[in-house]
Colleague: 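What follows is a single structure, and I will ask about it in a moment.
Hydrogens, waters and symmetry mates are skipped; everything else that's a heavy atom, side chains included, is used. Each residue takes its place number in the sequence, starting with 1. Predicted model only: the values in this text are computed from it and were never measured.
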Amino acid sequence: MNHSSASVFRIQNNHTVGVTFILLGFSEYVDLQVLLFLVFLAIYTVTVLGNLGMIVIIRVNPRLHTPMYFFLSHLSFVDFCYSTTVTPKLLENLVVEDRTISFTGCIMQFFFACIFVVAETFMLAVMAYDRFVAVCNPLLYTVVMSQKLCSLLVAASYFWSIMCSLTYTYFLSTLSFCGTNIINNFVCEHAAIVAVSCSDPYISQKIILVSATFNEISSLMIVLTSYVFIFITVMKMPSPGGRHRAFSTCASHMTAITIFHGTILFLYCIPNSKSSWLMVKVASVFYTVVIPMLNPLIYSLRNKDVKDTVRKLINMKLLCHKI
């Protein structure tokens with residue numbers, strides 16, 4: 001029995017040893033390589049500075065030590081990690097001719113990307129619940145959204161995302177791959193990897209379809225239910241000023257959710273055909289590169305406390321420089 005298991009393991013290993021993938025990315029646009037590199041480098045720089053800056057701002061300002069900003073700091077962390085998982089390889093492939101990535105490298109990129117995508121999905125849902133409590137039960141907000149519950153909700157988001165990613169990666173790693181495989185994308189995503197597999201990917205495809213659908217529907221249900229109750233509560237408020245304040249506290253989050261889930265649903269709707277590859281790439285760029293940059297901008301541009309903290313930090317730095 002042990003000998004048989006060892007033989008199977010060796011056979012599976014032989015399918016993956018020496019296997020490499022070629023990430024085509026945007027290689028067909030030869031004249032645009034430098035321009036694309038500069039654009040993506042600028043986006044990545046803003047992403048890193050924006051998300052790490054948001055985490056620092058939330059840490060240094062005691063007024064921002066609230067559940068909403070606790071969740072926002074984790075959203076910024078997830079966005080930073082997600083962008084860092086994908087963008088450096090994209091930038092590298094725009095300036096070098098060798099666009100290969102090892103089997104291990106590709107699987108690891110997929111593994112970490114999955115963790116951060118699923119984590120962001122549920123982090124946004126948790127933030128919707130936070131806004132629901134803040135608007136619908138303001139007097140009980142500090143009691144309901146205790147530090148213990150906030151930590152538990154964040155930990156649950158990370159735990160579930162890791163479990164999902166481990167499951168996807170395990171079934172993906174059981175597939176066989178032969179020689180060099182060309183992936184018509186800039187990132188190792190599931191559909192692209194499965195497309196170049198030598199073995200039947202049916203189980204792997206079904207598991208990720210069912211799981212991804214469950215994640216999307218369940219998180220959207222939490223978001224939509226929360227905002228239905230928020231809308232009903234706000235509409236019952238007697239003063240226009242109160243309604244405006246209530247909506248303004250949710251505006252940034254609603255914008256982030258609309259962009260994030262809108263892009264996911266758009267990717268779901270793209271037909272799986274050769275003619276749609278460009279649309280898939282553009283949507284993937286938006287999903288993996290642009291959204292992590294937009295979130296800190298959305299929250300900082302609309303938030304007085306964040307802008308005040310940034311202003312104070314800049315003034316302190318200028319004062320220190322003058323001294």
Colleague: Sequence neighbours excluded and cut-off under 3.5 Å, please list the side-chain donor-acceptor pairs for residues 32-51, or say none.
Modeller:
| unit_1 | atom_1 | unit_2 | atom_2 | d |
| --- | --- | --- | --- | --- |
| Q33 | OE1 | R99 | NH2 | 3.3 |
| Q33 | NE2 | F26 | O | 2.6 |
| Q33 | NE2 | Y29 | O | 2.8 |
| Y44 | OH | T84 | OG1 | 3.0 |
| T45 | OG1 | L41 | O | 2.7 |
| T47 | OG1 | I43 | O | 2.7 |
| N51 | ND2 | T47 | O | 2.9 |
| N51 | ND2 | P292 | O | 2.9 |

Colleague: When rounded to the nearest 0.5 angstrom, what is the spacing between CE in M293 and CD1 in I298?
Modeller: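 Going from the CE atom of M293 to the CD1 atom of I298 covers 9.5 Å.
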Colleague: If you measure from SG on C150 to CE on M145, what distance do you get to the nearest 0.5 Å?
Modeller: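 C150 SG to M145 CE: 4.0 Å, rounded to 0.5 Å.
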Colleague: For the atom pair OG1 (T263) and CZ (F286), what is the distance rounded to the nearest 0.5 Å?
Modeller: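 Spacing of OG1 (T263) from CZ (F286) equals 5.0 Å.
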Colleague: Any side-chain donor paired with an acceptor under 3.5 Å for S199 and S197?
Modeller: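 Checked: S199/S197 side chains pair up, N/O donor to acceptor below 3.5 Å.
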Colleague: Between T20 (side chain only) and T100 (backbone N and O only), is there a donor and an acceptor less than 3.5 Å apart?
Modeller: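 Checked: no pair found.
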Colleague: Once side chain to side chain donor-acceptor pair (under 3.5 Å) is applied, do any residues pair with N215, and if so which ones, sequence neighbours excluded?
Modeller: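 Applying side chain to side chain donor-acceptor pair (under 3.5 Å) to N215 gives W160.
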Colleague: Dump the intermediate steps for side-chain contact (heavy atoms from CB on, under 4.5 Å) on F186 and L23, then the final yes or no.
Modeller: CA-CA 5 Å; F186 60 90; L23 293 169; 5.7 Å; no
Colleague: Is any side-chain heavy atom of S161 less than 4.5 Å from a side-chain heavy atom of F122?
Modeller: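 They are not in side-chain contact.
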Colleague: What's the shortest heavy-atom distance between V135 and T233, and which atoms?
Modeller: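 Distance-wise, the nearest heavy atoms are O-CG2, 3.8 Å.
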Colleague: Are L72 and I58 close enough that some pair of their side-chain heavy atoms sits under 4.5 Å apart?
Modeller: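 In contact.
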Colleague: Given side chains that start at C-beta, do those of M108 and F103 come closer than 4.5 Å, heavy atoms only?
Modeller: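 With C-beta onward as the side chain, the pair stays apart.
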Colleague: Nearest 0.5 Å, what's the OG1-CG distance between T258 and L265?
Modeller: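 Here the rounded value is 10.5 Å.
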Colleague: If every non-hydrogen atom of T66 is compared with every non-hydrogen atom of R63, which pair is closest and at what distance?
Modeller: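 Shortest heavy-atom separation between T66 and R63 comes out as CG2-O, 3.8 Å.
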Colleague: Dump the intermediate steps for side-chain contact (heavy atoms from CB on, under 4.5 Å) on V86 and F112, then the final yes or no.
Modeller: CA-CA 9 Å; V86 174; F112 285 110; over 6 Å; no
Colleague: Without hydrogens or angle criteria, can the side chains of T121 and H261 be said to hold a donor-acceptor pair below 3.5 Å?
Modeller: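 No - no donor-acceptor pair under 3.5 Å links their side chains.
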Colleague: Report, as yes or no, whether the 6.0 Å neighbourhood of atom CZ on F229 holds more than 12 heavy atoms from other residues, nucleotides or ligands.
Modeller: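 No, CZ of F229 has 12 or fewer neighbouring heavy atoms, counting only those of other groups under 6.0 Å.
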Colleague: Only pairs under 3.5 Å count here: list side-chain donor-acceptor contacts from residues 163-171, not counting sequence neighbours, and write none if there are none.
Modeller:
| unit_1 | atom_1 | unit_2 | atom_2 | d |
| --- | --- | --- | --- | --- |
| S165 | OG | F111 | O | 2.5 |
| T167 | OG1 | M163 | O | 2.8 |
| Y168 | OH | S211 | OG | 2.4 |
| T169 | OG1 | S165 | O | 2.7 |

Colleague: Measure the CZ-CE distance between F77 and M123 for me, rounded to the nearest 0.5 Å.
Modeller: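 Taking CZ in F77 and CE in M123, the distance rounds to 9.0 Å.
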Colleague: Is there side-chain contact between I183 and I22, with heavy atoms separated by less than 4.5 Å?
Modeller: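 No; the side chains remain at least 4.5 Å from each other.
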Colleague: Using the test side-chain contact (heavy atoms from CB on, under 4.5 Å), find all partners of L139 that sit at least two apart in sequence or belong to another chain.
Modeller: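 Partners of L139 under the side-chain contact (heavy atoms from CB on, under 4.5 Å) test: none.
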Colleague: Do V118 and L209 belong together in a cluster built from hydrophobic side chains that touch within less than 4.5 Å?
Modeller: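 Different hydrophobic clusters.
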Colleague: Apply side-chain contact (heavy atoms from CB on, under 4.5 Å) to residues I162 and F159 and explain how you reach the verdict.
Modeller: CA-CA 5 Å; I162 291 168; F159 176 77; 6.0 Å; no
Colleague: Would a 4.5 Å heavy-atom cut-off, applied to side chains only, mark T174 and S204 as touching?
Modeller: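 The answer is no, as the side chains (C-beta and beyond) never meet within the 4.5 Å cut-off.
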Colleague: Of all heavy-atom pairs between C136 and P138, which one has the smallest distance, and what is that distance?
Modeller: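 Scanning both residues, the minimum pair turns out to be C-CD, 3.4 Å.
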Colleague: Between V144 and N137, is a side-chain contact (heavy atoms from CB on, under 4.5 Å) present by the stated rule, with each step listed?
Modeller: CA-CA 9 Å; V144 175; N137 296 292; 5.7 Å; no
Colleague: Can you list everything that forms a disulfide (SG to SG under 2.5 Å) with C106? Sequence neighbours excluded, please.
Modeller: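 In terms of disulfide (SG to SG under 2.5 Å), with neighbours along the sequence ignored, C106 is linked to C188.
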Colleague: Keeping the roles fixed (side chain from T225, backbone from I222), state whether a donor-acceptor pair exists under 3.5 Å.
Modeller: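 Flag not set: sc T225 to bb I222 has no pair under 3.5 Å.
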Colleague: Could you state whether V133 and V143 fall into the same hydrophobic cluster, counting links through intermediate Ile, Leu, Val, Met, Phe, Trp or Tyr residues with side-chain heavy atoms under 4.5 angstrom apart?
Modeller: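 They do not share one cluster, since no chain of ILVMFWY contacts under 4.5 Å joins V133 to V143.
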Colleague: With side chains defined as the heavy atoms from C-beta onward, is the minimum distance between S73 and M54 less than 4.5 Å?
Modeller: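 A side-chain contact is absent here, since even the closest heavy-atom pair is not under 4.5 Å.
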Colleague: Would you say the ring centroid of F177 lies under 6.0 angstrom from that of F21?
Modeller: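 Yes.
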Colleague: Say whether V154 and L152 are linked into one hydrophobic cluster, either directly or through other cluster members, by side-chain heavy-atom distances under 4.5 angstrom.
Modeller: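 Different clusters: V154 never reaches L152 through Ile, Leu, Val, Met, Phe, Trp or Tyr contacts under 4.5 Å.
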Colleague: Specify the closest pair of heavy atoms between V223 and L124, including all atoms of both residues, with the distance to one decimal.
Modeller: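 For V223 and L124, the tightest heavy-atom pair comes out as CG2-O, 4.3 Å.
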Colleague: Within the 4.5 Å heavy-atom criterion, are I115 and Y82 side-chain neighbours or not?
Modeller: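 No, their side chains stay 4.5 Å or more apart.
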Colleague: Just by modelled atom types, is the Q205 backbone N or O under 3.5 Å from a matching donor or acceptor in the H190 side chain?
Modeller: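 Side chain of H190 to backbone of Q205: no pair is present.
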Colleague: So, for N295 and D79, which heavy atoms are closest and what is the spacing to 0.1 Å?
Modeller: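 The answer is ND2-OD2, 2.8 Å.
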Colleague: Any luck finding a side-chain donor-acceptor pair between D130 and Y141 under 3.5 Å?
Modeller: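 Yes, side-chain donor-acceptor contact under 3.5 Å.
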Colleague: I want to check something: taking the side chain as every heavy atom from C-beta on, are L172 and I193 in contact at a cut-off of under 4.5 Å?
Modeller: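 They are in contact (side-chain heavy atoms under 4.5 Å apart), so the answer is yes.
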Colleague: M235 and I230: same hydrophobic cluster, using ILVMFWY side-chain contacts below 4.5 Å?
Modeller: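 Yes, same cluster.
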Colleague: We want to know whether S83 and T87 form a side-chain donor-acceptor pair, criterion being a heavy-atom distance below 3.5 angstrom.
Modeller: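 There is such a pair (donor and acceptor under 3.5 Å, judged by atom type) between the side chains of S83 and T87.
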Colleague: Please give me the minimum heavy-atom distance between A119 and V78, naming the atom from each residue.
Modeller: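 For A119 versus V78, the nearest heavy atoms are CB-CG2, 4.2 Å.
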Colleague: In Å and rounded to the nearest 0.5 Å, what is the CG to CE distance from L75 to M127?
Modeller: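 Answer rounded to 0.5 Å: 5.5 Å.
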Colleague: Quick check against the 3.5 Å criterion: does S157 have a side-chain atom that pairs as donor or acceptor with the backbone of L153?
Modeller: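 Looks like yes, one N/O pair under 3.5 Å.
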Colleague: Not counting sequence neighbours, which residues clear ring-ring contact (aromatic ring centres under 6.0 Å, His included) with F70? List them please.
Modeller: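 F70: ring-ring contact (aromatic ring centres under 6.0 Å, His included) contacts with H74.
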Colleague: Report yes or no: do F214 and V117 belong to one cluster of Ile/Leu/Val/Met/Phe/Trp/Tyr joined by side chain heavy-atom distances under 4.5 Å?
Modeller: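 They do not share one cluster, since no chain of ILVMFWY contacts under 4.5 Å joins F214 to V117.
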